[in-house]
Amino acid sequence: MPESQKRFYITTTLPYVNAEPHVGFAAEIIRADIIARWRRLNGDQVFFNTGTDEHGAKIHQKARSMSLEPQAYVDGIYGKFVDLLAAVGAPLDMADEGFKRNFIRTTDPHHVMAAQEFWKTVDKNGYIYKKDYSIKYCIGCELEKTESELVNGRCPLHPLQELEIIHEENYFFRFSSFKEKLLALYAAAPGFVVPNARFNEIKAFIERGPEDFSISRLASKMPWGIPVPNDPEQVMYVWFDALVDYISAIGWPDRLDGFQAWWVETGGVVQYCGKDNLRQQAAMWQAMLMAAGLPPSKAIVVDGFITGDGGVKMSKSLGNTIDPFDIVKTYGTDALRYYAARELSPFEDSPFTVERFKEAYNASLANGIGNLTSRILKLTSTYGISSALRDKESIYSDETARAYAESMAAYDIRSACEHVWARISAMDGEIQAAQPFKLLKSEAASDIERGKAVLAKLYAELWVVAVLLEPIMPHTAEAIQSLVKSNSMPEAPLFMRI
RNA sequence: CGCGGGGUAGGGUAACGGUAACCCGUCAGGCUCAUAACCUGAAAAUUGCCGGUUCGAUUCCGGCCCCCGCAACCA
């Protein structure tokens, strides 16, 4: 059922710009955009946020390896992420007044100011403290050693040498203070983390007892971060800065009307994130909000990774990566959106190969919706058959639409697609079973009437399908809707077989 | 014994205490409105391995094996 006019705020995780945008991020934008468009279709005002995470050690290293200043490096690459938005059908310049898109860079002056203000607020509330932090240093290597590099607590290259302990000071966040409050938040908000397995995981993690974590780095070692207020020797740890983007994007702390409208009144943001940063989004960030005296997010939707064939990790060295721009260039935006929506699991790891992509494209787009559109509209346009089309607002009285809406509400985009394609398949079956193409050529008036009735029904159903397709494949949905309205067959196939 | 998730026909996925479903592929029919598309049917799975609970387990419990993520390196 359409809900009454209200606001909806959704965001992706900001991708880290140490490499070109990859297909995993494309999938995440598409998912968030589908949910956003679905809410828009229901009449909500929508704010869609995404952007780029531009600070931290990896960026610093990457820039240095290219002999660039970090700022010059990020200035050079962030535009590719903006381009990706347009390529996957989530462009920044939407004509729709009720659908705002925002692209935030964590190097934007407003965001930098917001992160510092956030720090000061959390500090003022007593949740930040400075602590001695010990680092293991191998004299043989003349390098710092991380726990994961050590073997039996020793440097594998110099196992006879004792590791030296170096002390440095970092700021820490009192994460441990929020155990009970986080558990209370989880208990009070069923469905706060989707899917449920991830919710259980984070609950168990917090029950074991969260530990304070470091939120700054020595500027002398890693200067590429937002300066810690009143301490020129330290910069913020990149996560502390980046997470604040969800509120700085809507105006916190200086444009509080925006924050009020999109965060307080909506009940917070719906955040998409990968399974690798469940903790940051569902626990650390929530604790940070509490520490700043702000309300929590509305929901965290956790998705899986895109893998190569056989579930192996995608990597340049294996040569199994997929460039989202290439896919769009060759097959079109809607085809990529279709694959992300129906062929990828909304929550688990899923494979993406060109072969699979082509199979899915032919089966469901060319032979499925594309062919069905042609065969129905050929008959209705030739014989001048049509019927009343449902208002988009009342589309949810349709059975398929109701099931679809239920799936969307649970962020189960694939399941929503399944309902639509089950309908498409059923319609193909109806044509075969009733054979209206034969009835219309009959001598008997009753046959002709029956043929017309069947087609009038299919015509109306095609409209319903085209409306349900709007969030998933906006261009295709529009194309079919306009063909249905003018009752004309597509001049060229909607999806050419490949 | 760190924590969590996953392991289902050739490939990819779904379901979930009671005849294991879907897509691609394969094989055999049918139809001709449509993009050589569409429809029907068939073959194909002892649901990772071992044990337990149960009238009955893919589904619950225990152990083991393998894969993925996390475990304040980095994000």
Side-chain angles (χ1 to χ4, degrees), chain A residues 13-19 53 55-61 133 135 144-150 170 172-173 175 195-205 207-208 210-215 217 222 237-239 242 274-280 284 302 304-305 307 309-313 342-345 347-353 355-356 358-360 362-380 382-383 414-415 418 421-422 425 427-441 451 455 458 489-490 492-498:
Chain A
T13 304
L14 303 192
Y16 202 57
V17 296
N18 64 335
D53 182 2
H55 290 118
K58 284 256 168 84
I59 302 289
H60 188 236
Q61 281 163 18
Y133 185 63
I135 286 163
E144 243 182 76
K145 292 286 159 179
T146 62
E147 286 301 325
S148 56
E149 288 175 315
L150 301 179
N170 277 179
F172 277 71
F173 174 64
F175 193 32
N196 209 257
R198 296 290 170 208
F199 201 7
N200 291 338
E201 182 177 348
I202 200 65
K203 283 178 189 166
F205 171 68
E207 265 157 22
R208 265 175 271 132
E211 290 174 30
D212 296 352
F213 60 89
S214 163
I215 53 170
R217 297 290 184 264
M222 208 295 291
Y237 175 48
V238 63
W239 266 113
K275 64 178 182 179
D276 57 339
N277 48 86
L278 173 66
R279 288 185 187 181
Q280 287 82 350
M284 288 157 56
V302 185
F305 295 162
T307 69
D309 222 3
V312 298
K313 208 177 277 191
R342 175 124 185 266
E343 301 297 325
L344 300 179
S345 165
F347 310 119
E348 304 288 342
D349 294 358
S350 325
F352 192 142
T353 66
E355 290 67 35
R356 286 178 201 291
K358 285 183 183 172
E359 271 180 13
N362 281 331
S364 300
L365 300 182
N367 302 347
I369 183 61
N371 183 55
L372 179 70
T373 301
S374 291
R375 65 195 302 213
I376 291 176
L377 290 177
K378 166 71 175 180
L379 290 165
T380 56
T382 302
Y383 294 92
R414 179 171 56 190
S415 162
E418 290 303 330
W421 263 269
S425 175
M427 288 163 74
D428 269 325
E430 270 175 69
I431 297 175
Q432 184 60 39
Q435 306 201 320
F437 45 85
K438 205 178 266 180
L439 294 171
L440 288 166
K441 289 179 191 156
L455 277 169
L458 288 165
M489 189 182 167
L494 253 25
F495 296 96
M496 194 67 84
R497 273 184 69 81
I498 48 178

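No hydrogens, no waters, no symmetry mates; every other heavy atom, side chains included, goes into these values. We name chains A, B, ... by the order of the sequence lines, and we start the count at 1 in each one.
- Of the candidate nucleotides B/U35, B/C38, B/A14, B/C38 has the atom lying nearest to any side-chain atom of A/R375.
- Between A/F175 and A/F213, the ring-plane angle classifies as perpendicular under the 30° and 60° cut-offs.
- Taking the P atoms as reference points, B/A57 lies 11 Å from B/G18, given to the whole Å.
- In this structure, A/F305 reaches the sugar-phosphate backbone alone: every heavy-atom distance under 4.0 Å involves primed, P, OP1 or OP2 atoms, never a base.
- RNA chain B is contacted by both A/N362 and A/S374; A/S374 maps to the nucleotide lying nearer its 5′ end (nearest heavy atom per residue).
- Rounded to a whole Å, the CD1 atom of A/I376 is 14 Å from the P atom of B/C38.
- The minimum heavy-atom distance between A/P490 and A/S374, with the atom names listed, is CG-OG, 3.8 Å.
- Here the C1' atom of nucleotide B/C38 and the CD atom of A/Q435 are 11 Å apart, to the nearest Å.
- The cationic group of A/R198 does not satisfy the cation-pi geometry with A/F347, failing either the under 6.0 Å distance to the six-membered ring centre or the 45° limit from the ring axis.
- Counting to the nearest Å, the C1' atom of B/A71 and the CZ atom of A/R208 are 9 Å from each other.
- A/K441 places its NZ atom 8 Å from the P atom of B/A34, with the value rounded to the nearest Å.
- Looking at A/Q280, its side chain comes within 3.5 Å of the base of B/A75 through a donor and an acceptor atom.
- Backbone-only contact: A/A57 has heavy atoms under 4.0 Å from sugar-phosphate atoms and none from a base.
- The distance from atom NZ of A/K275 to atom P of B/C67 is 14 Å, rounded to the nearest whole Å.
- Across B/A45 and B/A20, the matching C1' atoms stand 8 Å from one another, rounded to whole Å.
- We find that CD of A/E348 is positioned 15 Å from P of B/C68, with the value rounded to whole Å.
- Pairing of B/A57, defined by two Watson-Crick or G-U wobble distances under 3.5 Å, is not identified with any nucleotide.
- Rounded to whole angstrom, the span from the CE atom of A/M496 across to the C1' atom of B/A36 amounts to 14 Å.
- Looking at A/K358 and A/E355, no side-chain N of the basic residue comes within less than 4.0 Å of a carboxylate O on the acidic one, giving no salt bridge.
- The cationic atom of A/K441 (NZ for Lys, CZ for Arg) does not lie both less than 6.0 Å from the six-membered ring centre of A/F437 and within 45° of the ring axis.
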